[in-house]
Amino acid sequence: MILLSLLLVSLSLAAQVATVGGGRFQKGDDPAWSEYGFDDSSWLEVSFDQAWETLGLERVNGIGWYRIHVVIPSSLKKGVVEAIMLDMGAIDDSDQTWINGHPVGKTGTFPEDPGGYSSEYGKRRYYIVDPRWVRWDQDNVIAVRVYNFGDPGGFYRGAFNLVKPSLKDFAKLSLVADQGGYKAVLASSVKTSGTLDISITDVMTGTPEVSRKQKVTVGAWKEKQLLYPLAPQKRLKLTYTDPRFDEILEAEVCAPYILTPPAPAEPRYNGPLVFGVRPGSPVIFRLAFSGDKPMKYAVEGLPEGVVLDPEKGVLSGSCSQAGDYPLVFTATNDKGSAKACFTLKVGEQIGLTPPMGWNSWNCWALSVSQEKVMASAAAMINRGLADYGYSYINIDDAWEAEERTPDGRIEANEKFPDMKALGDWLHSNGLKFGIYSSPGDFTCGGYPGSLDHERQDAEVWNSWGVDYLKYDWCGYNKIFEAGRDKSEAAFIRPYLKMQQFLREQPRDIFYSLCQYGWGRVWEWGAFIDANSWRTSHDINDSWESLYDNGFERQLGLHPYAGPGHWNDPDMLIVGKVGWSSSLRDSRLTPDEQYTHISLWSLLAANMLIGCDLSQIDDFTFNLLCNNEVNAVNQDTLGHQAHQDVVEDGMQIWSRDLYDGSYAVGIFNLNEVSVPVRLDGALAKIGLKAEKARDLWRQKDIETDSEYLIPPHGVLYVRVQSR
Ligand code: GLA
């Protein structure tokens, strides 16, 4: 036994690392097991490349402990700081760790914690150990309490290391929005003294405005907070240097900055160039012209049955004859007039460009009401978002009455006094009406789903004038799990069922599947006539979530998108969101928000705004209403971008467009700004151009120049390649 323990600890002094390959293990739970003096000689010797399931034990779900005996050499003490770090690898699922009875860290949560258990089985554990707790050159006990849910459990990645930490391991510099400015937090688990370089530059001009130095000292296990006011359009950069280390710490933030140039006062068309409607279905389309109001509209080439409201610019009526109808839109105000060529495609395919609109979930969640929906709908028109092609007003969960009527009819709850009137109002303004349900007996929010009432529900929605259905798997999961048939067909069946009833209605209903990307929905969504499908779990307003839904979960999905059927990485997380009755500003930085909208534009993703439009601020409006950025999203070819390059924390995504040009997003996923020479970046994806159009700034830029791309930010261009 003792021999094995010794073999499991090997030392490589050159790298100042001790490797620990195993320890002793015991099922059960006892706080005394964290203590140094506890006698664990009867525990099972285990090595860390074996998860619990391979230990010859019974299945161990629940709590188990490791006690790891290790001699920590005082040679690790030498050097600039006295501290060691446990680099323990991943543990399945959550852990709490002590050294010689002193707590050193915890990852994931346990069932007894507030909010219950959450797994962090894939996360690497780095714990800094206070040197006062170490028994130098003697036996130490690292005790690890693990909660496992479902096999396998515990350590499973082999050895872990004791290492001498570097500056980045023990100190962290971060910037968080606070009191209208930014709070810098320098936290350290060892004492550090150094210099903070503070620089403020103007985002638009790149001109440095402030450059100063500040001495800072932070005690062990302490943090220092410093507040910096930051005016709009300014970028703050902090660099921390402790002269004992070569490494530096950096953090950078930016106050909201508007890149989109103001729209001209003359009319300008900003909408899609095609719209699909089925023969005989109502045409609901609002001409999207920006410019001073009032405006007068005219349309040439309208087929019989389709009419224009020349004051509102709204097309209505229907056309029974399939075919492509080339139209010319004209809008006139007292500053001038503009024309746009457009095709009304009367045929089987709808959703020819990704849907643009609003959904209630990311702001109001279950607190949604008709009044709140109307407030956003009115703002879509009054604040001018409808002039940029936004047209869907979609109610998510929580509109449903708790009980169906005795004959099984679904009704709206008391928060929605008149769904039909809401639908009529939207249509009379050229906006479209969306609703939400589930193929299960209950929705995610616990309201009645459509199970066994599919036909009835489709008919009710038709009577209200519904144009879009988000159909959310949710309550269907327990039915699926309880069933014997787990085939792909069983997964598809409930969606197919609703599709038939939607198609029986005398109107077009955009069919949006929501089942979080399960069952490789992109492979069959289009075949069951779905117009879009969620490709991932719910988004939230964090960089991690944006990164996962937007970059990771879209890899390789471009072949499945096209006119009529789109990959949906979930709704937009800009502006005032909150998933409750109290809203807050999106936690994404301005640069992350530029990345978000650029990426959704490249991905031909559904553009459903998730914030309260009645409270939209100028930054968010300009982010959502850049006609050149939106034109890529709405491009008639419908080719979703693909990832072309991943290099040094940078990613390049590109797509080809109907006019032969390319939209290219160069994304900086690093924590600091990175200069990029544009022609070099374009060459990596086989493009050659002298000029590129910066889509956010809407100006042509030289390609033989270097552009600084902010952390988590983007350079988004359109190029005509030679
Ligand atoms: C699921 C969906 C969300 C939202 C909620 C409503 O979580 O993925 O987008 O519709 O349900 O309850």
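Atoms within each ligand, like the ligands themselves, are counted from 1 in listed order.
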Quiz item: What about Arg534: any of its N or O atoms under 3.5 Å from an N or O on ligand 1?
Solution: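 Arg534 vs ligand 1: N/O contact under 3.5 Å present.
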
Look at [atom] and say which protein heavy atom is nearest, naming residue and atom and giving the distance to 0.1 Å.
atom: atom 12 (O) of ligand 1; value: Asp397 OD2, 2.8 Å
atom: atom 4 (C) of ligand 1; value: Asp396 OD1, 3.4 Å
atom: atom 3 (C) of ligand 1; value: Asp538 OD2, 3.4 Å

Show me which atoms of ligand 1 lie under 4.0 Å from any heavy atom of [X].
X: Cys514; result: 2 (C), 8 (O)
X: Tyr516; result: 8 (O)
X: Gly445; result: 12 (O)

Between [X] and [Y], is any side-chain donor less than 3.5 angstrom from a side-chain acceptor?
X: His565; Y: Asn531; value: no
X: Trp653; Y: Asp644; value: no
X: Ser391; Y: Lys432; value: yes
X: Tyr547; Y: Glu552; value: yes
X: Glu459; Y: Asn462; value: no

Ion pair present between [X] and [Y], side-chain N to carboxylate O less than 4.0 angstrom?
X: Asp457; Y: Arg409; value: no
X: Glu488; Y: Arg520; value: no
X: Glu120; Y: Lys106; value: no

Quiz prompt | From the candidates Tyr447, Trp361, Phe442, the one that places a heavy atom nearest atom 5 (C) of ligand 1 | solution =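 Among Tyr447, Trp361, Phe442, the closest heavy atom to atom 5 (C) of ligand 1 belongs to Trp361.
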
Quiz prompt | For atom 2 (C) of ligand 1, the option (of Asp472, Asp570, Asp568) bearing the nearest heavy atom | solution =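 Nearest heavy atom to atom 2 (C) of ligand 1 lies in Asp472.
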
Practice problem: Report the part of Ala398 (side chain from C-beta onward, or backbone N, CA, C, O) that has a heavy atom under 4.0 Å from ligand 1; answer both or neither where that applies. | Solution: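 Ala398 to ligand 1: no contact under 4.0 Å from either part.
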
Exercise. May I ask whether Thr443 has any heavy atom positioned less than 4.0 angstrom from an atom of ligand 1?
Key: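 Thr443: no contact with ligand 1 (<4.0 Å).
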
Quiz item: Strictly under 4.0 Å, does any heavy atom of Lys470 approach an atom of ligand 1?
Solution: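 Lys470: in contact with ligand 1 (<4.0 Å).
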
